[in-house]
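In each ligand, atom 1 is the first atom listed, and ligand 1 is the first ligand listed. The model shown is predicted, which means the values in this text are computed figures rather than measured ones. What you see below is based on every heavy atom in this structure, not just the backbone, and it leaves out hydrogens, waters and symmetry mates.
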Amino acid sequence: MNNIFDSHAHYDDKWFDQDREQLLCELPKSGVVAVVNNSVNIETAEFNKKLAEKYPYFYFTAGYHPENLENIPTDYLDKIQEFLKHPKCVALGEIGLDYHWDIPRDLQKKIFIQQIELSKKLDVPVIVHDREAHGDTMEILKKYKPKGLLHCFSGSVEMLKEVLKLGMSISLGGVVTFKNARHSVECAEYVPMDKLLLETDSPYLSPVPNRGKRNDSRNIVYVAEKIAEIKGLTTQEVLDITAENARKFYSI
Ligand code: NI
């Protein structure tokens, strides 16, 4: 298999500390052509920028994830804007709402909206994280209409229809291979092939047969296999189409 484009990973995670450099050298030998490593705050964006400068196939994003809002600097928008001037900083993310954890919702919404407004000003796509916050996420997306995608999409087909109406894309990862993944499979069936990207969210959410183990971009093949089965395509066709979508999406 080749043309594996991982549209969302976190190789800065400490789980990769022991063998990060070795692994990142090996991925292209297994058909990985691009990785977009998502940042969750200024520190991770700084780290990911260095990786992007070292590895030709590696890109990064800058943004504040809702889990990282404690001690967010008052000038964080300026800092994100600075990163986005870098030729390999390809999106604003990941941003959004996470109601799984007890983080003040008003603050989450405020920071989410401010970052969406910045993305519109700079004309860059946003990478949206929505965990157990479908209602408020959609309300904000409908009101502010950013361009972008919902990563690790976990909503229903009804919600997907709304997302598509806004012109946004989704990315799917390992969850689509899980036994209990009814929503994810239904969404894979429904989503038009030109609105779908593949991701790992590495190091988490490894697909079957590697569920529970550390995830990396090579596992995208299992996700593509599952999507191929659902869509009646070959695995390589799914990899080719989604890689092309990702290149367009990130303007790479
Ligand atoms: Ni992520």
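- Side-chain contact of His10 with Asn38: a donor-acceptor pair under 3.5 Å is absent, judged by distance alone.
- More than 12 heavy-atom neighbours from other residues, nucleotides or ligands sit within 6.0 angstrom of CZ on Phe83.
- Near the Ni ion (ligand 1), less than 2.8 Å away, sit the protein N, O or S atoms His8 NE2, His10 NE2, Glu94 OE2, Asp201 OD1.
- Here the shortest heavy-atom pairing between Leu205 and Cys152 reads CD1-SG, 3.4 Å.
- Residue-environment remark: CG (Asp17) exceeds the threshold of 12 foreign heavy atoms within 6.0 Å.
- Using modelled atom types and a 3.5 Å distance limit, the side chains of Thr200 and Asn215 yield no donor-acceptor pair.
- Annotation: Tyr64 is in aromatic contact with Tyr76 [ring centroid separation under 6.0 Å].
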